[in-house]
Amino acid sequence: MASTKIEWTESTWNPVTGCTKISSGCKYCYAETMTRRLQAMGQEKYKNGFETTIHPEVLDEPYNWKKPKMIFVNSMSDLFHKDVPVKFIQKIFRVMKENPHHVFQILTKRADVLLYYDKEGWLDWTHNIWMGVTVESSNVSKRIDLLKQTGAKVKFLSCEPLLTAIPDMNLKAIDWVIVGGESGRTPRPIKEEWVIDIKEQCKKQDVAFYFKQWGGTNKKKNGRLLEGKRYDAMPELETVLF
Ligand code: SF4
């Protein structure tokens, strides 16, 4: 388990590393930049660079973490990448099921693969598995409908890096929406009106709203206040765990 600066989780667990780009949100992929750095530092786990690689040796790690944690699964990859064998995904699901004291958060851009595996009955959903899809722009909002059709008990959206307005989302059966702007050396701009619109959609449809960051070249300075206020609602653990 590694601690993380990602605001909406506590730790990361990476049984898979590496990926390939699939949509505009991937342009400045943080996982790729970090992987190249770790590879250059000679870290064994990243010797294949950004090539999709499974790591069976870390599968059992959550059994050793006694204190309940919120864990982002595969912050350095996309679990539903075509090169991740279904049997390996099922092993990850078994570990999550057998560690109900933790919450496991999975995020994918490959919502079509997720739904296909789900329809085949290959995924065993438990209440401590939160399943999310990235919706960085309106032209990938169909991922929301694909996620809704799965049997995941807790469903969420990550609208980060937010690149366009995303009006008229139907958030029925969605528990949580995270919004954030892009950071880094050449971030694409986010507009306040897009964020406010998503916040209002969440309010109207009774969905927890979390504003992660404005991003930009100085993300610390730009902070995470929206209209002077922090928004860090999350799905209620009492409701989702029992
Ligand atoms: S899907 Fe995620 S991990 Fe994969 S390239 Fe895109 S941003 Fe990076």
Side-chain angles (χ1 to χ4, degrees), residues 1-2 4-9 11-40 43 45-55 58 70-86 88-89 92 104-118 123 129-147 150 152 155-164 166 176-190 210 212-213 215-216 219:
M1 174 168 55
T4 173
K5 288 187 182 152
I6 302 169
E7 289 80 353
W8 47 263
T9 192
S11 308
T12 55
W13 172 46
N14 282 293
V16 183
T17 56
C19 194
T20 45
K21 298 186 179 187
I22 186 169
S23 65
S24 55
C26 300
K27 187 171 182 189
Y28 302 117
C29 172
Y30 167 85
E32 184 181 24
T33 309
M34 186 55 79
T35 296
R36 303 276 177 231
R37 204 173 296 164
L38 295 169
Q39 185 185 27
Q43 284 213 8
K45 191 170 182 183
Y46 295 94
K47 67 177 186 215
N48 293 344
F50 205 47
E51 188 184 317
T52 307
T53 307
I54 63 168
H55 298 277
V58 305
M70 221 170 292
I71 300 163
F72 181 18
V73 182
N74 284 340
S75 62
M76 300 295 278
S77 181
D78 185 329
L79 185 60
F80 295 96
H81 189 282
K82 66 176 176 38
D83 292 342
V84 182
V86 178
F88 192 70
I89 295 175
I92 293 172
F104 293 91
Q105 300 158 311
I106 309 169
L107 188 56
T108 187
K109 289 188 177 67
R110 292 160 169 92
D112 50 344
V113 180
L114 162 70
L115 180 59
Y116 174 69
Y117 291 177
D118 181 79
L123 306 176
I129 302 173
W130 297 10
M131 187 66 233
V133 294
T134 307
V135 186
E136 71 269 32
S137 63
S138 55
N139 65 357
V140 292
S141 59
K142 65 169 191 269
R143 290 177 190 157
I144 304 172
D145 294 319
L146 300 175
L147 172 66
T150 70
K155 302 182 179 77
F156 70 98
L157 312 181
S158 171
C159 302
E160 187 191 8
L162 188 63
L163 301 173
T164 71
I166 312 180
W176 190 29
V177 176
I178 302 164
V179 174
E182 191 158 63
S183 54
R185 270 184 294 178
T186 48
R188 290 163 286 180
I190 184 171
Y210 191 106
K212 179 171 172 264
Q213 62 175 40
K219 86 172 194 167

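Worth knowing before you read on, the calculation uses all heavy atoms, side chains too, and leaves out hydrogens, waters and symmetry mates. When a residue number appears, it is its place in the shown sequence, counting from 1. Both ligands and their constituent atoms are indexed starting at 1 by order of listing.
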Of the non-hydrogen atoms in Leu147 and Phe156, which two are nearest, and what is the gap between them?
CD2-O, 3.5 Å

For Gln105, all residues meeting side chain to side chain donor-acceptor pair (under 3.5 Å), sequence neighbours excluded:
Thr9

For Leu115, is there any backbone N or O sitting under 3.5 Å from a side-chain donor or acceptor partner on Thr150?
no

Tell me, please, which residues at least two apart from Lys45 pass side chain to side chain contact (heavy atoms under 4.5 Å, CB included).
Asn14, Thr17, His55, Val58

Can you classify the ring geometry of Trp130 versus Trp176 as parallel (below 30°), tilted (30 to 60°) or perpendicular (above 60°)?
perpendicular

Atom 1 (S) of ligand 1 has as its nearest protein heavy atom Arg110 NH1, 3.5 Å

Side-chain donor/acceptor pairs under 3.5 Å, residues 178-185, sequence neighbours excluded:
residue: Glu182; atom: OE1; partner: Arg188; partner atom: N; Å: 2.9
residue: Glu182; atom: OE1; partner: Arg188; partner atom: NE; Å: 2.8
residue: Glu182; atom: OE2; partner: Arg188; partner atom: NH2; Å: 2.8

Under 2.8 Å from atom 4 (Fe) of ligand 1, how many protein N/O/S atoms do you get? Just the number, please.
1

